[in-house]
2 protein chains.
Amino acid sequence: MSTTELTNWQSVHDEVLRRIHTREWKPGQQIPKEVELASELGCARATVNRALRELATAGFLDRRRKAGTRVTLHPVRKAKLDIPVIRLEIEGRGQRYGYSLISAERAAPPHDICGRLGVLPDADMLHVTSLHLADGKPYMFENRWVAIAAAPSIADADLSIISANEWLVLHAPYTHGEMAFSAIAASNSEAEMLGAAPHAPLFLIERTTWENDHGITYARLVFAPGHRVQSVI
Amino acid sequence: MSTTELTNWQSVHDEVLRRIHTREWKPGQQIPKEVELASELGCARATVNRALRELATAGFLDRRRKAGTRVTLHPVRKAKLDIPVIRLEIEGRGQRYGYSLISAERAAPPHDICGRLGVLPDADMLHVTSLHLADGKPYMFENRWVAIAAAPSIADADLSIISANEWLVLHAPYTHGEMAFSAIAASNSEAEMLGAAPHAPLFLIERTTWENDHGITYARLVFAPGHRVQSVI
DNA sequence: AGGGTTATTATGTGCGTACATATTATACTT
DNA sequence: AAGTATAATATGTACGCACATAATAACCCT
């Protein structure tokens, strides 16, 4: 055994992943316990623990106290999807960002918004619609409802300069949220706004955010034709 | 200072997150160094380190050696998206899973597939099309190319029983992959297959997977109308 | 000033020990 | 046989220490 010692958690991580990929350890199979691996690889148990922990959160391993560690049977792969502010998303692609406010008015929320955000039908809300541009061309149409109670100072913000999207990120951080992707047919107004044919297939993102079970905002983001959301696995 | 001591990393994590949310520590601001926080909260530096590390990977903090730790200015929120095998996705929703193979034949790959997977135009590939059903109704149409060199034994698999999707997960684990979401108009054949109107907006997922820069498979998954992909932020 | 070298410093990580906790296996009771 | 208390065990984590590493600050020389 002239095995070079793996004394850092990264190399242990890689070695374990290698054994999983080469099927040396098969799906469902139990792998050696931490102390055994530690002595085999020539490092401390804490180091092995760190490596296996990362692999478990990544979905490659199932770990349970006393029961030990085994290779995940059906590895539920997790796609990681970065969600920057729209402006940074566009600028990051080397394009020029543009923004134009279409409307901003206080109004009572329609019924479905109440349900989504968990607010009362007579709540004081801000309804904002705007268009985001990339290199001068329509990129995304934003239709957003904001609970003013959750972010009072947005009433004073000049939303013709900074988008509600970006204002909220800066001033009303959320604790958690939901996001849903789907495909819709362009309505007449959306088609006109985004320069698409009527009934053209458009990519839709719906985003709802809360701060401690207190609804902040619901946004309906309709993208120009051809939009792709990409992600690494 | 009768502060109760936070002696586990979870509580330190929560406390730091609280200070970020309450704006006690503002975006861009530098937070106390690990040793200071440790003595303030009454725990070891390693404990603080663990908590801050998790917050950094979650995107709330920016950490750099010597420069210290500061609250992220534009928190790039990360959407986590679980990608189970289609069968489990459907069964997990309490529906009955069905599967029917449409075609499976060896063929030379079209030009665009070569580019995506990085294989030669004369490569030996398997072209599989199939339909996945939920409660007997069309759910998703799968159009897949598999590099036989990357998974030779798939030539012997009975793809009328197990879907190529599931077979590959079990027998040809990948090291990394790409996934793209978009909206398309249903082609005539897709419309018929999925029970949709021609040109109806359909949700499309394209998935490409590699094993160590060696292309394995490219899949084009077209979903029945109304499909939504949901994710938590 | 300018450019390059050297100290300083905050985070990153490894190690050994100790104890906590969840879960399983075993022994025991009825 | 069934249920219940008890022991055994693998992982989870806290701690203190040491050293590695990267980035900045200070210094020095010309």
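A note on names: the letters A, B, ... follow the listed sequences, proteins ahead of strands, and every chain is numbered from 1. Bear in mind that the values here come from a model prediction, so they are computed numbers and not experimental data.
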Round to a whole Å and report the spacing from CD of E54(A) to P of dG12(D). 13 Å
Side chain of N8(A) (C-beta onward), nearest among dA10(D), dT11(C), dT13(C): dT13(C)
Tell me whether the side-chain N/O atoms of T47(A) come closer than 4.0 Å to OP1 or OP2 in dC15(C). yes
Separation of Q10(A) atom CD from dA20(D) atom C1', in whole Å? 14 Å
Tell me which of R65(B) and E34(A) sits closer to the 5' end of DNA chain D, going by the nucleotide each one is nearest to. E34(A)
In a check of side-chain hydrogen bond (donor to acceptor under 3.5 Å, both in side chains) between Y218(A) and each of E206(A), R144(A), E178(A), which one passes? E206(A)
Measure centre to centre between the rings of H132(B) and F141(B), then say whether the value is under 6.0 Å. no
Integer-rounded Å distance: dT24(D) P and R63(B) CZ: 15 Å
What's the CG-C1' distance between L37(A) and dT11(D), to the nearest Å? 13 Å
Would you sort out whether R63(A) and T69(A) count as a side chain to side chain donor-acceptor pair (under 3.5 Å), showing the intermediate values? CA-CA 4 Å; R63(A) 320 194 72 201; T69(A) 302; 3.1 Å; yes
From the candidates dA23(D), dT24(C), dG12(C), the one with an atom nearest any side-chain atom of K66(A) is dT24(C)
Output the single nucleotide from dA14(D), dG12(D), dT13(C) whose closest atom is nearest the side chain of R45(A). dG12(D)
Spacing between Q30(A) atom CD and dT23(C) atom P, to the nearest angstrom: 15 Å
With a cut-off of less than 4.0 Å, is there a side-chain N or O of N49(B) near OP1 or OP2 of dG12(C)? yes
Using the rule given for side chain to side chain donor-acceptor pair (under 3.5 Å), can you reason through E211(B) versus H21(A), listing the C-alpha separation, both sets of side-chain angles and the distance that settles it, and then say yes or no? CA-CA 9 Å; E211(B) 190 195 8; H21(A) 276 137; over 6 Å; no
What's the NZ-P distance between K33(A) and dA8(D), to the nearest Å? 15 Å
Indicate whether any N or O donor in one side chain lies under 3.5 Å from an N or O acceptor in the other, for S153(A) and D156(A). no
Starting at CG of L52(A) and ending at C1' of dT13(D), how long is that distance when rounded to a whole Å? 15 Å
Checking only heavy atoms, does the side chain of R64(A) share a donor-acceptor pair with the base of dG12(D) at less than 3.5 Å? no
Find the distance L61(A):CG to dA10(D):P and express it as a whole number of Å. 17 Å
Closest to the side chain of T69(B), out of dG12(D), dT13(C), dT11(C), is dT11(C)
Side-chain-base donor-acceptor pair under 3.5 Å for R50(B) and dG12(C): no
